[in-house]
Structures are given as structure tokens and as C-alpha cells.
**Student:** 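Below is a structure I'd like to ask you about.
Every chain is numbered from 1, with letters handed out A, B, ... down the list of sequences. When reading the values below, keep in mind they use all heavy atoms of this one structure, side chains included, and skip hydrogens, waters and symmetry mates. Just so it is clear, the model here is predicted, and its values are computed rather than measured.
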Amino acid sequence: MRLTKYFLPVLKEEPKEAEIVSHRLMLRAGMIRQQASGIYSWLPLGYKVLQKVQRIIEEEQNRAGAIELLMPTLQPADLWRESGRYDAYGKEMLRIKDRSDRDLIYGPTNEEMITDIFRSAIKSYKDLPLILYHIQWKFRDEIRPRFGTMRSREFLMKDAYTFDLNQENAVKSYNKMFVSYLRTFYRLGIPAIPMRAETGPIGGDLSHEFIVLAKTGESEVFCHADLLEKNIPSIDLDYDGDLSKIVDDWTSLFAATEDVASEEDLIANVPSDKRISARGIEVGQTFYFADKYSKPMGADVTDSNGKQVSVFCGSYGIGLTRIVPAIIEASHDENGIIWPISVAPFEVILINLRAKDDECSNVCQDIYNKLKKANIDVVYDDRDQGAGAKFATADLIGIPLQLIIGPRGVKSGEAELKIRKSGEKENIPLENAVQKIIDLIVPNRRDKD
RNA sequence: CGGGGUAUAGCUCAGCUUGGUAGAGCACUGGUUUUGGGAACCAGGGGUCGCAUGUUCGAAUCCUGCUGCCCCGACCA
């Protein structure tokens, strides 16, 4: 992509409405635009990140055996009357009527609808286990939306639902989602720690929140420091094998949110040099809730004895529109965002310091073509602007690598390569630039390990 | 929903106290000179002053009502 042909409305000044750093940076980097309280447009740069996040989540869900579908945003109220949640959910649920005066709701979640889909098609234990998921916009009319897309009213969420014959199998499905979340957050470049959590209005008795430690986190969390150093299950993992060892390993060390634990619990369960008491952002949650919906909604299957039994279920959410600011909260400096390669809107920015100079532009164009050909996600800053403005923009939007080419370098046959994260700069021969970038990017995409 | 703020150009803000028909910086357009960390100069374009009502010869400014947005709290992916 050439910057002269792109839509990147960066802001030089601090937007006054934004309090936390991720919100400020998303506005300044031209990623989002607020349309109403808690409702945002995703501008090209932000949308590109959101799509990369989505792709990683899909890959890891699929790998774990979950099957993607797509349910609508609008749902008939009757489904929610069946589960009893139409009245229970309160004003947070947006209720609307169509032209025939039928009650509809804009889905805040999809347990009812997925249960309806399940019961219409699945009648036998032989079709279990089943894991279905979708990625769709949700609406929760929060009393107070805040922090940009971190707590918005309209938000994009991945929600998966597991269906099993009995509790033992349901726990196996739970473990699949648990492990896939470990891998998902690893690939997204955010160290998320699974913590024991309250089950909330959805109900059930087995639940973890996946928490990113960040100063601006909304809740207080407590955990064992070794959880930050744990190994992530590899891409070769067999999801049909025994996952309980991995889950046990991760859940044996103390980790809990303020809803279910206190500082005293931390002190009682963790040696003093390993205690972490911090703020955290919840980026995902896993719930097991057994037959809470399947029973009232009649989602039964026939078991091997010919008996009708309600299926055992769980639901598993990841807020994609929250992931993006969470990554920024965890990875930025005073100059702007620092994207992990796996979700960066572009992997490298090619900075032409003298767009009006033919010689310089020819060199840039050649390198740009080669990078594209090598499937490197490159953006080419071919704008006719001062060097300072270009550097500032590159830092702000957080592209992991900056390849800087000016007339001076063209004469000496060198380009400057800057690593956004470390600030490290290195002069490299122009003819090695493309290969050097490939070597720095490709092994670090986290899509092969 | 309670409490506190705020609303003037695309953005950040001044003007309001004391009413006289709207300004700066940045951004934008044209031009000239520049060019390795947010360039300089010249010339331009751009505003129903959140909305409505009232007071007044005259309202961005004063009164009243409403709305949006932000912050603090309870609620939440």
C-alpha cells in the first residue's frame, strides 16, 4: 500500500475525550472514529488490525476442532423468553420492534440462538461432541461505555459453544477451548493469564478469565509470577489427546480475579517473591454451565441406552474489539504504538525521505515491489513530507520495522533499518534490505510454532 | 441511574465576566524556497458559535428548557 493512496487520518494533537493511552493512540493513529457513545467506526488501519486478530482467532479455533458459522445480530425475543433471560437481562439488552410489532433484540450474546440451532439438527449422542463458534457484532447497552473500544456498547466478539453428552466430555471440550485460548493469546502477542473467575449471570461452575496485566486494567487481579513464564502448547498439539495435563499445569498455580479472591488469598497461596497483585484487562472468558440452557430449551439427545438427556454445554468468548486496545495497553511507548508482528497493520514501513527525487524514488519503488512479491505486508510512505513528520507517523502507527531510504543512503548504497520496539537502528547495504526484512519478519509471525 | 464537567473551523483552544454581527495555532488549497526526527515565507478557503425559547434595537456572550459528549461510582466481553 502506498500512503499517498491510503486513508490514514492521523492526529497530531491529543484528542481531549480520550483518557487511557490505548484510546488516545487509536484515535491519533487514525484507527477508529467515535460515532456515538460506545459506538465506533473502524477506519482502514484499525480495521486491518481487527482482521488480523480475527484471522488468528479463527485459525486457532479451527485447529481446536471448533466449526465456524454466522448467526444474525437481531434475534427474536421469543427465544429469550424460553430461557427466561428476556426479563432477566435488564436494560443492557437493546429491545426493538419490527414493522409488525414483533419483539426483537440486538444480541448481547448467543446462547439461546445456538441452542435453538443445535436442537433443530442434533438428536443423537453420536453427533457429539460439537463445538460451534461465530464472530459477530454484539450490543450491550452499558450504563457507562468508556475507554474507546475497550468498553464499547457495540463490540465484535468471538463466541464458541460446546455441546457434550455428559460432564466428563464437557470438561474435555472446555479444555480444548482453554488450550486454544493459550495459543490464541500467544499468537496475538499478549501474555494472557487464565485466572479463576466468577461465573456471572450466565451461570455454571467452571470458569476462567484470561487476563492481560496492564496499569489501566479495570479489575484487580492476583497471581503467581511463574505464570508469566509458562510454555505455550505448540502448533503440533493433538487436541483429541489428553489436554488435562496442560490445563492442570496452568491452573495449579494461584491466579484469581478480585471477584473470587483477595490479597489475603494471594499471601496464603503464593511465596512472597512470586506474588503479583496488579490491574488486569479481561480479554477472554471460558464458562462451563452444563444444562442451564439446554434443559429449559429442550436441547436433548438420545444416549446409547435410548434415553433422552439434556446436553452439557459451555460458552467461550473473546472480545476482538477489546483485544486491539489491550494489545496497545501492553505494548506502546511515548511515541506511539508498538505492534507485535502477528497483528501489525503492516509488517514494515518503507520510508522514502525524498519522494520528489527520482533516483531515491526508483530505489524505493524497486524495494517496495520486491517486498510485496515476497508476501511481506509493506506500506510505502511515498508522501512528499518532511523527514520528521514521516518518522513521527511511522512511530505513532507502530509498524514493527522501518526501512528508511534517503538521497544520502542511495549515494552510499545503504538503507537504514529501524526496529520500532527497541529503537535500534542499523545501516544495511541496499541490496540486502529485502532479505534482511524477510529474515526478521517471517520467523516471528508466530504462525508456525 | 446519582455526582462533576464540557459544547466556538477537521483538531487543540481563545473570545463570554462587562451584549455590537467570530479569532489563533495546527490541518487544508495555490505558489516559492527547503528537506535524515512533526520546515519557512507569501496568498487563500473554511464556522446554523450543540438545539430551542426568551430578554434586547442588537446574543457566541444574559435567562429558561433540552440534547450530545467526557470524567468519578454501581454494571459488564
**Student:** With both distances under 3.5 Å as the test, what is the Watson-Crick or G-U wobble partner of rG2(B)?
**Tutor:**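 When the pairing criteria are applied, rC72(B) turns out to be the nucleotide that pairs with rG2(B).
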**Student:** rA77(B) C1' sits how many Å from Phe185(A) CZ, rounded?
**Tutor:**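 After rounding, the gap between these two atoms is 10 Å.
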**Student:** May I ask you to say what Lys138(A) touches in the nucleic acid, namely base, sugar-phosphate or nothing, with a heavy-atom cut-off under 4.0 Å?
**Tutor:**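 No contact.
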**Student:** At under 4.0 Å between heavy atoms, what does Asp357(A) touch on the DNA or RNA strands: base, sugar-phosphate, or nothing?
**Tutor:**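 The answer is nothing, as Asp357(A) stays clear of every strand by at least 4.0 Å.
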**Student:** May I have the distance from Lys12(A) (atom NZ) to rC13(B) (atom C1'), rounded to whole angstrom?
**Tutor:**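 Rounded to the whole Å, the gap is 16 Å.
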**Student:** Which base sits across from rA27(B) as a Watson-Crick or G-U pair, both distances under 3.5 Å?
**Tutor:**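 Its partner: none found.
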**Student:** Assign Ser152(A) to base, sugar-phosphate, or nothing according to its heavy-atom contacts below 4.0 angstrom with the strands shown.
**Tutor:**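 Base contact.
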**Student:** Does a salt bridge link Arg146(A) with Glu19(A), judged by any charged N lying under 4.0 Å from a carboxylate O?
**Tutor:**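 Result for this pair is no, no salt bridge flagged.
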**Student:** With rounding to whole Å, what would you report as the distance between rC26(B) and rG73(B) at their P atoms?
**Tutor:**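 rC26(B) and rG73(B) have their P atoms separated by 38 Å.
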**Student:** Suppose you measure atom P in rU12(B) against the same atom in rG30(B); what distance do you get, rounded to whole Å?
**Tutor:**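 These two P atoms come out 25 Å apart once rounded.
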**Student:** Taking the P atom of each, how far is rA52(B) from rU67(B), in whole Å?
**Tutor:**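 Comparing P positions in rA52(B) and rU67(B) gives a spacing of 15 Å.
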**Student:** What does rA7(B) pair with, Watson-Crick or G-U, if both distances are under 3.5 Å?
**Tutor:**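 When the pairing criteria are applied, rU67(B) turns out to be the nucleotide that pairs with rA7(B).
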**Student:** Give a yes/no on whether any side-chain N or O of Arg383(A) is located under 4.0 angstrom from OP1 or OP2 of rG38(B).
**Tutor:**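 No, no such contact exists.
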**Student:** Between Ile232(A), Asn231(A), Thr251(A), Leu182(A), which is the residue that forms a side-chain contact (heavy atoms from CB on, under 4.5 Å) with Ile246(A)?
**Tutor:**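 Of all the options given, the one that passes is Leu182(A).
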**Student:** Can you tell me how far apart CG (Asp381(A)) and CZ (Phe346(A)) are? Round to the nearest 0.5 Å.
**Tutor:**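 Going from CG on Asp381(A) over to CZ on Phe346(A), the span is 11.0 Å.
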**Student:** Side-chain N or O of Ser37(A) less than 4.0 angstrom from OP1 or OP2 on rG68(B)?
**Tutor:**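 Ser37(A) to rG68(B) OP1/OP2: no side-chain N or O under 4.0 Å.
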**Student:** Could you work out the separation of rA7(B) and rC13(B) based on their C1' atoms and round it to a whole Å?
**Tutor:**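 Here rA7(B) and rC13(B) have their C1' atoms 13 Å from each other.
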**Student:** Does rC70(B) have OP1 or OP2 sitting under 4.0 Å from an N or O in the side chain of Gln34(A)?
**Tutor:**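 Checking Gln34(A) against rC70(B): at least one side-chain N or O falls below 4.0 Å of OP1 or OP2.
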**Student:** Between rC28(B) and rG46(B), how far is it from one C1' atom to the other, in whole Å?
**Tutor:**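 Rounded to whole Å, the distance is 9 Å.
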**Student:** Rounding to an integer number of Å, can you tell me how far Phe139(A) CZ sits from rC75(B) P?
**Tutor:**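 Value for this atom pair: 20 Å.
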**Student:** Quote, to the nearest angstrom, the P distance that separates rG15(B) from rU61(B).
**Tutor:**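 Between the two P atoms, the distance is 15 Å.
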**Student:** Do NZ/NE/NH1/NH2 and the carboxylate oxygens of Arg95(A) and Asp141(A) come within less than 4.0 Å?
**Tutor:**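 Answer for the salt bridge query: no.
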**Student:** Which whole number of Å gives the distance between the P atom of rU21(B) and that of rU35(B)?
**Tutor:**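 Approximately 46 Å lies between the P atom of rU21(B) and that of rU35(B).
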**Student:** Would you say the ring centroid of Tyr161(A) lies under 6.0 angstrom from that of Phe287(A)?
**Tutor:**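 No; Phe287(A) has its ring centre 6.0 Å or more from that of Tyr161(A).
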**Student:** Identify, between Arg28(A) and Thr149(A), the residue whose nearest nucleotide on RNA chain B lies closer to the 5' end.
**Tutor:**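 Counting from the 5' end, the first nearest nucleotide belongs to Arg28(A).
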**Student:** Using a 4.0 Å heavy-atom cut-off, does Gly90(A) contact any base of the nucleic acid, only the sugar-phosphate backbone, or nothing at all?
**Tutor:**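 The residue Gly90(A) makes no contact with any strand.
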**Student:** Between rG37(B) and Lys418(A), counting only base atoms on the nucleotide and side-chain atoms on the residue, is there a donor-acceptor pair under 3.5 Å?
**Tutor:**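 Pair found.
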**Student:** Applying a 4.0 Å non-hydrogen cut-off, can you work out what Ala36(A) is touching in the nucleic acid: base, sugar-phosphate, or nothing?
**Tutor:**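 The answer is sugar-phosphate, as Ala36(A) gets under 4.0 Å only of primed atoms, P, OP1 or OP2.
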**Student:** How is Ile404(A) classified with respect to the nucleic acid when contacts are heavy atoms under 4.0 Å: base, sugar-phosphate, or nothing?
**Tutor:**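 Base contact.
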**Student:** Can you tell me the pairing partner of rG38(B) across any strand shown, Watson-Crick or G-U wobble, with both distances under 3.5 angstrom?
**Tutor:**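 Partner of rG38(B): none.
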**Student:** Grab the CD-P distance between Gln385(A) and rC26(B) for me, whole Å please.
**Tutor:**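 In whole Å, rC26(B) P lies 15 Å from Gln385(A) CD.
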**Student:** With heavy atoms under 4.0 Å as the rule, sort Gly406(A) into base, sugar-phosphate or nothing.
**Tutor:**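 It contacts base atoms.
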**Student:** Using the P atom as the point on both nucleotides, what is the distance between rA60(B) and rU53(B), in whole Å?
**Tutor:**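 Pairwise P distance, rU53(B) against rA60(B), rounds to 14 Å.
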**Student:** Which base sits across from rU56(B) as a Watson-Crick or G-U pair, both distances under 3.5 Å?
**Tutor:**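 rU56(B) is paired with nothing.
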**Student:** Ala387(A) near the nucleic acid: base, sugar-phosphate alone, or nothing, with a heavy-atom cut-off under 4.0 Å?
**Tutor:**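 Sugar-phosphate: the residue Ala387(A), judged by heavy atoms under 4.0 Å, touches backbone atoms but no base.
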**Student:** Which sits closer to the 5' end of RNA chain B, Gln35(A) or Glu13(A), going by the nucleotide each is nearest to?
**Tutor:**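 Taking each residue's closest nucleotide, the earlier one in sequence belongs to Glu13(A).
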**Student:** Within the stacking criterion (centroid distance below 5.5 Å, interplanar angle below 30°), does Phe391(A) stack on rG36(B)?
**Tutor:**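 It does not: the ring fails the test against the base of rG36(B).
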**Student:** Rounded to whole Å, please give me the gap between CD in Glu334(A) and P in rG38(B).
**Tutor:**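 Nearest whole value for this atom pair: 15 Å.
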**Student:** Taking Glu347(A) as the fixed residue, which of Lys372(A), Arg445(A), Lys48(A) is the one that meets the salt bridge (charged side-chain N to carboxylate O under 4.0 Å, His left out) rule?
**Tutor:**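 Going through Lys372(A), Arg445(A), Lys48(A) one by one, the salt bridge (charged side-chain N to carboxylate O under 4.0 Å, His left out) with Glu347(A) is satisfied by Arg445(A) alone.
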**Student:** Output the rounded distance in Å from CD1 (Ile143(A)) to P (rC71(B)).
**Tutor:**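 Going from CD1 in Ile143(A) over to P in rC71(B) covers 15 Å.
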**Student:** Considering only side-chain heavy atoms of Glu282(A), which listed nucleotide, rG38(B), rA77(B), rC75(B), is closest?
**Tutor:**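 Closest nucleotide among those given: rA77(B).
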**Student:** Starting at atom CG of Asp395(A), determine the distance to atom C1' of rG37(B), rounded to an integer number of angstrom.
**Tutor:**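 Interatomic distance, CG of Asp395(A) to C1' of rG37(B): 9 Å.
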**Student:** Please give the nucleotide sitting opposite rC49(B) as a Watson-Crick or G-U wobble pair, both distances under 3.5 Å, or none.
**Tutor:**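 Across any shown strand, rC49(B) pairs with none.
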**Student:** Please check: side-chain N/O of Arg63(A) versus main-chain N/O of Leu237(A), any donor-acceptor pairing under 3.5 Å?
**Tutor:**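 Judged by distance alone, no pair lies under 3.5 Å.
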**Student:** For Glu17(A), which contact category applies under a 4.0 Å heavy-atom criterion: base, sugar-phosphate, or nothing?
**Tutor:**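 Sugar-phosphate: the residue Glu17(A), judged by heavy atoms under 4.0 Å, touches backbone atoms but no base.
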**Student:** Send over the distance from His134(A) NE2 to rA77(B) C1', rounded to a whole Å.
**Tutor:**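 To the nearest whole Å, that distance equals 13 Å.
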**Student:** Please tell me whether Tyr288(A) and Tyr174(A) form a close aromatic pair, meaning their ring centres lie under 6.0 Å apart.
**Tutor:**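 No; Tyr174(A) has its ring centre 6.0 Å or more from that of Tyr288(A).
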**Student:** Taking the six-membered ring of Tyr186(A) as reference, does the cationic atom of Arg446(A) (NZ for Lys, CZ for Arg) lie under 6.0 Å from its centre and within 45° of its axis?
**Tutor:**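 Here Arg446(A) passes the 6.0 Å and 45° test against Tyr186(A).
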**Student:** Of the candidate nucleotides rC13(B), rA77(B), rG38(B), which contains the atom at the shortest distance from the side chain of Lys16(A)?
**Tutor:**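 Among rC13(B), rA77(B), rG38(B), the one nearest the side chain of Lys16(A) is rC13(B).
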**Student:** For rA74(B), does either OP1 or OP2 sit under 4.0 Å from a side-chain N or O belonging to Arg144(A)?
**Tutor:**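 Looking at the OP1 and OP2 atoms of rA74(B), neither is under 4.0 Å from any side-chain N or O of Arg144(A).
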